[in-house]
Amino acid sequence: MKPSDAKKQRTLAAETWRRFRKNKLALSGMIVLLALVLIALSTIVIDLVTDNAIYNNYVIKQNLRLRLQGPSKAHIFGLDEFGRDIFMRMIWAVRYSLFMGTIAIALSTVVGVLLGSIAGYYGKVTDNIIMRFMDVLLAIPSMLLATAIVAALGTSLTNVLIAIAISYVPTFARTVRASVLTIKDQEFIEAARAMGASDLRIIFKYILPNSMAPLIVQATLGVAGAILSIAGLSFLGLGIQPPTPEWGSMLSSARSYIREGWHITVIPGLGIMITILALNVMGDGLRDALDPRLKN
Amino acid sequence: MGKYIVRRLLMMIPVLLGVTFIVFFIMSLTPGDPAAIILGDQASAESLAQKRIELGLDKPLLVRYANYMGNLFRGDLGLSYRNQLSVAKQVWDKFPNTAILAIAGILVALLIGIPVGILSAKKQYTFMDNSSMVLSLIGVSMPNFWLGLLLSLLFALKLGWLPSQGMGSGFFGLLRSLVLPALTLGTGVAATVVRMTRSSMLEVIRQDYISTARAKGITEKQVTNKHMLKNALIPIVTAVGLQFGHLLGGAMLTETIFSWPGLGRLMVDSITSKDIPMVLGAVIFMAVMFSFVNLLVDILYAFLDPRIKSQYKGRKAAIRKEVTV
C-alpha cells in the first residue's frame with residue numbers, strides 16, 4: 001500500500017469491497033447469485049405482465065404424450081413425468097428457493113439481533129433468560145425442529161418460512177450477543193451514554209453498526225442453509241407442494257420415475273447445488289474481506 | 001473427571017426439560033381433535049368427550065406436559081394414533097437402525113475427511129490440495145438427498161452393484177445395503193471434516209515444536225500422527241459433534257430415499273398420517289440423543305486435550321485451597 005493510500009479514509013464497505021474484489025472465486029459466486037436474483041425477478045415481472053399466461057401454458061401445463069422425454073433441441077432439459085418443460089420449471093423455481101431462503105433468514109436475523117443485543121446489552125438475568133432459551137432451541141437439530149413445526153402447523157409457504165426462521169434464530173442471537181459484549185464496554189459507548197443517549201439509541205446507532213461484520217457472513221451462509229432446509233422439507237413432502245415448481249419437490253416427484261429418465265433427477269439438484277455453491281463461496285469471501293485476520 | 005461428567009449431566013437437566021417442553025408445545029398446536037382422529041368420523045359426541053377425558057385433553061397444557069414427563073420417566077410415550085401400539089416400543093425398535101446408519105455415516109466422514117484433510121494441509125497449494133478443496137466445497141454445497149438419488153441412479157439402477165432399497169439381512173447383506181445410505185449421509189460431513197482438518201493442521205504445521213520434532217530425527221509419519229494430528233484434533237471433534245445433529249436431520253431424508261427402516265422414516269410416515277404422539281416421541285428421543293452426543297463430545301475433549309483436564313484439576317485444587325484457608 002502506498003503511503004498516500006494509507007491517509008485516504010475509506011468506509012468499511014469500500015474497504016471490504018476492495019478486498020472482496022480481489023477474490024475471484026467469491027466474485028464469481030456473487031455474479032452467479034446476481035444472475036439468479038435477476039432470473040427470479042424477471043419471472044415475477046413476466047407473471048405480472050402476462051397475468052400468469054406463461055406460467056399456466058409452459059410451467060405447469062401438462063403434456064402426457066411427451067412425458068419423461070430426454071433433453072432435446074426444443075426442450076433443452078427435457079420433460080418431466082407430466083410432460084412439463086423442465087427448463088421452464090427450473091427457471092420459475094429460482095424465486096422460491098432464493099426468496100424464501102432470504103426471507104426466512106431475514107426474519108431470523110431481525111429476531112436474533114433483537115434478542116442477542118438485548119441479552120448482551122442488559123446482561124444478568126435478562127441475558128440468562130434469553131440465552132438459556134436459545135440454548136434449548138439450539139439443542140434441537142434445526143431440520144428436526146423445522147420438521148416438527150411444519151408437522152404441527154401444516155404445510156404452507158408461511159409455515160415453512162416460520163419453521164426455518166425459528167430454527168435459525170439462536171445462531172444469530174449468539175453471534176450478535178458475542179459482538180455486543182465486546183463492544184459495549186468500549187469508551188465511545190460510555191461517551192454516548194454520558195451525552196444522554198438512550199439505551200435504544202446506543203444499541204441501534206452505536207453497537208449494532210459495529211457488529212455487522214460477523215452478522216453479514218452468518219446471514220449469507222444462513223441463506224444457503226435455509227435453501228437446503230426448504231428443499232429438504234419439500235423433498236419430504238412437507239414444504240412447497242406440487243404443481244408449484246420448486247427444486248426440492250421436483251426431486252421428490254422425480255424419485256418415483258428414477259428408472260425412466262435420469263434427467264428429471266439430475267437437473268433440479270444441479271440448480272440447488274449451484275445456488276448453494278455461489279452462496280458458500282461468497283460467504284467465505286465476505287468473511288475474509290470483512291476480517292482479514294481470519295484468513296490463513 | 002468424574003465430577004466434571006456429573007456436573008455436565010446436571011447442566012443437561014434444564015436443557016432437556018426445555019427441549020421436551022418446546023417440542024410438546026409445538027406439537028400441541030396441531031389443529032384437529034385427537035379424539036376424533038382415533039375414533040373416526042362416526043363416533044358419537046359422548047364417546048368423543050369420553051376419549052378426550054381419557055387422553056387428558058380437558059386439562060391445561062402444563063398439566064398435560066407434567067403428565068407426559070411423568071410417563072416418560074417410566075419409559076411410556078403414549079400410544080400411536082395409527083396402530084394403537086406403544087410409541088416408546090416403536091421408537092426403540094427403530095433406533096438401532098438409525099444408529100447403525102449414523103455411525104456408518106460418521107465413519108465414512110472420518111475415513112475420507114481426516115486423511116484427505118491431512119494430505120491437503122501437508123501439500124498446501126498443490127494440485128492435490130486445490131482439487132480436494134474444490135471437491136469439498138462441492139460436497140458441502142450438495143444437498144445430501146440429491147446425492148443419494150444420484151448414487152442409487154448410478155450404482156443400483158445403472159450398474160446394479162448395490163441394493164438401493166431397504167436393509168439387508170445377515171452381516172454381508174446389511175453391509176451391502178448400508179454402503180449407499182452411509183455414503184449419502186457421510187459425504188457432506190466428510191467435506192466439512194476435510195476443510196476443518198486442513199485448516200487446523202495448517203495452524204499446527206508451522207509451529208516450532210514441529211521443527212524440533214523433525215530435528216530430533218523422528219520419522220515424518222510420527223511427526224504427523226503424534227505431533228500434528230493430536231493437536232489439530234480438537235476442532236475436528238467439535239465439528240463432527242455438531243454435525244451429528246445434521247446427521248439426525250439428514251437421516252430423515254436418507255432413510256426416505258433408501259427406504260431404510262429407521263427413526264427418520266418412522267417420523268416422516270407419522271407426520272404424513274398425522275400421528276402426533278409418534279412424532280412427538282420420535283422428535284423428543286432424537287433431541288435427547290443429540291444432547292447426549294454433545295455431552296460425549298465434551299467429555300472426549302478432556303481426554304484428547306490434557307490441558308482441559310488439568311484446567312479442571314487446577315480449579316479443584318484452587319477451590320480446595322480456598323476452603324482450607
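Quick note on labels: first sequence line is chain A, next is B, and so on, each numbered from 1.
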Checklist entry - Any idea which of A:Leu138, A:Leu228, A:Ile274 has the most non-hydrogen atom pairs under 4.5 angstrom with chain B? => result A:Leu228
Item to check | Selection from A:Arg132, A:Met143, A:Met273 maximising heavy-atom pairs under 4.5 Å formed with chain B | outcome: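 Going by pairs under 4.5 Å, I would pick A:Met273.
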Minimum heavy-atom distance [X]-[Y], with the two atoms named:
X	Y	value
A:Val136	B:Val19	CG1-N, 3.3 Å
B:Ala287	A:Leu144	N-CD2, 4.2 Å
A:Ile272	B:Phe145	CD1-CZ, 4.3 Å
A:Ala148	B:Met27	O-SD, 3.8 Å
A:Arg255	B:Ile257	NH2-O, 3.7 Å

Checklist entry - Is the count of non-hydrogen atoms from other residues, nucleotides or ligands lying under 6.0 Å from B:Lys274 atom NZ greater than 12? => result no
Item to check | CZ (B:Phe25) with more than 12 external heavy atoms under 6.0 Å | outcome: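 Result for CZ/B:Phe25: open.
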Next on the checklist: Set out, in order, the CA-CA distance, both residues' side-chain angles and the distance that settles side chain to side chain contact (heavy atoms under 4.5 Å, CB included) for B:Leu137 and A:Leu25, then state yes or no.
Outcome noted: CA-CA 12 Å; B:Leu137 200 57; A:Leu25 193 63; 4.3 Å; yes
When rounded to the nearest 0.5 angstrom, what is the spacing between [atom1] in [X] and [atom2] in [Y]?
X	Y	atom1	atom2	answer
B:Met252	A:Leu233	CE	CG	7.5 Å
B:Met267	A:Thr147	CE	OG1	5.0 Å
A:Trp262	B:Leu150	CH2	CG	11.0 Å
A:Arg259	B:Leu157	CZ	CG	5.0 Å
A:Asp135	B:Ser291	CG	OG	10.5 Å
B:Met142	A:Ile276	CE	CD1	12.5 Å

Checklist entry - For the candidates B:Thr256, B:Leu29, B:Val283, which exhibits the highest count of non-hydrogen atom pairs separated by less than 4.5 Å from chain A? => result B:Thr256
Checklist outcome for this item: Note: vs chain A, highest number of non-hydrogen pairs under 4.5 angstrom among B:Ser270, B:Gly18, B:Ala282, B:Pro143 is B:Pro143
Is [X] close to chain B through its backbone or its side chain, or both, or neither, when contacts mean heavy atoms under 4.5 Å?
X	value
A:Ala139	both
A:Leu238	side chain
A:Val150	neither
A:Leu279	neither
A:Thr275	neither

Beyond-backbone contact of [X] with [Y], side-chain heavy atoms, under 4.5 angstrom:
X	Y	value
B:Ile22	A:Phe133	yes
A:Phe235	B:Leu253	yes
A:Asp284	B:Arg195	yes
A:Val266	B:Leu153	yes
A:Leu145	B:Ile26	yes

Next on the checklist: Would the distance check show the side chain of B:Trp146 and the main-chain N or O of A:Thr265 forming a donor-acceptor pair, the cut-off being under 3.5 Å?
Outcome noted: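 At least one qualifying donor-acceptor pair exists.
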